[in-house]
Every structure is written in structure tokens, then in C-alpha cells.
Amino acid sequence: MYKNPSFGTPFDFIMEKTSDNQTERTPLLLITAAIEQGGRTMASLLRKGPLLGITGSAQIRNVQGEEVQTLDQIGQETFLGLFRRSRAVLSVLSEEAEMPEVLPCDEKTSLLVAMDPLDGSSNISVNAPIGSIFSIFRPPAPSSSSPEGLFLNASSPLLSAYLLYSVSTSLVLAFSGETRVFTLDPDTGEFLGDGSPWRFPDKGKIYSTNEAYLPRWEKPLQDYLSWIKKERNPSMILRYIGALVGDFHRNLLKGGIYLYPAEAGEKTSGKLRLLYEACPMAHIARNAGGIATDGKQDILTIVPRSVHQRVPLIVGSVDLVREFQERTGHPLSGL
Ligand code: FBP
């Protein structure tokens, strides 16, 4: 029935890449299986969302002061419950909870999970693409006394992933130098991929940003946007879904750049959170030959100061991010 019968699964990918790393193989397999199961659950709930009356607001605000949607809560409980049952997770940091939660686990081999259980919340009630984002870290050595300290001292992500709930449900995994794309078969519940690494197309022509904020941006960014629209040859096209996972996924497949810059003056840190939005996308981009910056430095070199720290995010095809950096006066060395 399928175009390519020799599809691979996330299990095959992790097994293939951990042949010389038995210690982390089991926790990585258990955590990836939890993400897959959570993806199946969320995809099936989302398909019936309006009928179940779960696409509205939960009438509360989260630690970020943002309105919480019912599906934000369902996503939080679904993934937290699965990570707890995996007994492979030492602590979970989530957009929906002020402090990281410590879970019962086998402390010697367990890992850290940072997550945005439901990304693109403003798209839920209008049936537009949304997602879930994860980064898996090794606990710092020596370990930290506080759950917060575990995440603030963790090194770069070991594995990063996102689920995209849209026309079909995609699971994208970055691990051990590769990024792979899988699609959920709703009949068998399997996530299947063609077993080969995905690379960002070098030459992209799509830019994704909320242009309504342009007047609030620094002058060099305003000039950059005017240049790509009026002078750049070839010109670029604007596509913006309003969900990081949706915009990133399109640009990963077609070639493009996503920008959520800082605003000039008071709100200088942008909107997106470093540990569970910018970092995972930067890791997935890096393993697919792309790159992510905060406008000045590589996102993967930023040492977090707080667990819900926000950063500006510029991510996409290398040639487009390099061009952005040069035209805004922050050329990146070594790019
Ligand atoms: P949430 O995780 O709270 O949904 O916020 C992040 C996000 O929705 C991104 O997915 C998206 O790219 C951006 O905010 C949209 O922001 P804006 O509505 O300001 O354009």
C-alpha cells in the first residue's frame, strides 16, 4: 500500500544511533516512546476537539501570564503522565508549570525533559496547525541540588523533537547529528519515516514573521525586512501560520527563515522561551544543516539564566540566517 515499504520508525533511529551508547539507549527509547504515545493521544483528541468541547479557554493564566487553553492543560497532563510512567525522566520543565517537576525514576540513567506541551495555542480554536516541542538533556555532573539548577547547568540537548498536528501528524527527531521526519499512520498508530536524514534546503525563499510588529523593531531589522521585500533578488514570499512548529516545519521542508525578534526599547528579549522552544528548534535545525540565533549569537551557545527565560529567535536555512546576520550588522563567525 505504501510508496516505500521499507519505512523506519523512531525506535529504529534510536537503536541505529545508540549501538555504541547502551547506557542512554534505554532511557532514550522510553522517552521517545512516551512522546509517540502522547502524539497519538493528542492527534486523536484534536481530530474531535470541537465535538468534545476542548478547544476553548481554561479561564486561567499560566506562570507567563498567558491565558491557558483547555488543550494546554490536556497536553501538560498527557505528556507529564507518560514521562512519569516511563521512569526514565529525572525532571520535567514545562511552559505550563512554574517549577520543574521531579519524577520517580532510575536516577543513574534518567534524563531531563523540557517541553512546550502545546505550541501555537492561539490556533486551537480556529482549527489551524499546532504542535508540541521537546528537548532532552543529560543531567549536569556534578548534579545540582535544585530542579531548576539541573536545567540551568545542563549542556546542549541530547535529543530534540516536535510533533506537528496538521493535515497529517508529523514527528521530527534530532539526534546524534541527524534530523529525521516521521508521519503518523492513524490506522496502525505507527510513526513511519523513510529512514534517511532530512537536510534544510540551502537556498530558501520563504520568510515567516508577524509583520504587524515591524514598527516595534530595531531599525536594522526594519531595513532588513524592507530590503527582502523591495531589493533582494530573488525576492522572498511571506508565509506565517502563527505557530512556531508549523512555520518551522514548512521552512525545514521548503527552505526558509523564521523570525521572532526582540522589540526595541523595553521588551528586548522576544517572546519565545529558550529551553523548550528556541533550543529544541535550534538543535533540530543544526542537525539538518540549518542554524538558529538570537540575532547576535548561536542559540545553542546561550547559557540560560532562568528556566522560563525568553530569547529572540531567528532560525532556518544557513544562507538566509547568514544573510540576516550580515544585513543586521551581526555577521556570525565560522558560518
Ligand atoms: P505558545 O507556546 O504560548 O503558543 O506561544 C508561542 C507562539 O504561539 C509560537 O508558536 C508562534 O510562532 C508565536 O507564539 C506567535 O506569536 P504572535 O501571535 O505574537 O505572532
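Whatever order the structure lists ligands and atoms in, that order sets their numbers, starting from 1. Here the structure is a predicted model, which means the values were calculated and not measured.
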Exercise. Short list, please: which atoms of ligand 1 are under 4.0 Å from a heavy atom of G242?
Worked result: 8 (O), 11 (C), 15 (C)
Exercise. Any side-chain heavy atom of V172 sitting closer than 4.5 Å to one from F182?
Worked result: no
Seminar exercise, completed: ligand 1 to N210, heavy atom cutoff 4.0 Å, flagged ligand atoms 17 (P), 20 (O)
For this session: Determine whether any heavy atom of L272 lies closer than 4.0 Å to an atom of ligand 1.
Result: yes
For this session: Kindly indicate whether a cation-pi arrangement holds for R180 with W198, taking the cut-offs as under 6.0 Å to the six-membered ring centre and within 45° of the axis.
Result: no
Seminar exercise, completed: among protein heavy atoms, the one nearest atom 7 (C) of ligand 1 is K271 NZ, 3.8 Å
Exercise. Around E98, counting heavy atoms of other residues, nucleotides and ligands shown, do more than 12 lie under 6.0 Å from its CD?
Worked result: no
Problem set entry | Proximity winner for atom 12 (O) of ligand 1, if only heavy atoms of Y260, Y213, Y258 are counted | Y258
Exercise. For the rings on F248 and F200, is their centre-to-centre separation under 6.0 Å?
Worked result: yes
Exercise. Which atoms of ligand 1 are found less than 4.0 Å from any heavy atom of R273?
Worked result: 1 (P), 2 (O), 3 (O), 5 (O)
Exercise. For ligand 1, which atoms sit closer than 4.0 Å to a heavy atom of D116?
Worked result: 2 (O)
Exercise. Between V245 and ligand 1, does any nitrogen or oxygen pair lie at a separation below 3.5 Å?
Worked result: no
Exercise. Does one hydrophobic cluster hold both F79 and I124, with members joined at side-chain heavy-atom distances below 4.5 Å?
Worked result: yes
Exercise. Does any N or O atom in D247 lie less than 3.5 angstrom from one in ligand 1, N or O only?
Worked result: no
Exercise. Does the gap between the ring centers of F134 and Y276 come in under 6.0 Å?
Worked result: no
Exercise. Are any side-chain N or O atoms of D294 and backbone N or O atoms of L313, one a donor and one an acceptor, separated by less than 3.5 Å?
Worked result: no
For this session: Compute the ring centroids of H249 and Y162, then answer whether they are less than 6.0 Å apart.
Result: yes
Exercise. Going by the atom numbers of ligand 1, which of them fall below 4.0 Å from some non-hydrogen atom of L244?
Worked result: 9 (C), 10 (O), 11 (C), 12 (O)
Exercise. Between A243, G120, G131, which one has a non-hydrogen atom sitting closest to atom 1 (P) of ligand 1?
Worked result: G120
Exercise. Are side-chain N/O atoms of D185 and T188 paired as donor and acceptor at under 3.5 Å?
Worked result: yes
Problem set entry | Identity and distance of the protein heavy atom lying nearest atom 3 (O) of ligand 1 | E95 OE2, 3.2 Å
Problem set entry | Per-atom contacts of ligand 1 with E277, taking only distances under 4.0 Å to non-hydrogen atoms | 2 (O), 5 (O), 6 (C)
For this session: Could you find the nearest protein heavy atom to atom 20 (O) of ligand 1 and give me its residue, atom name and distance?
Result: Y240 OH, 2.6 Å
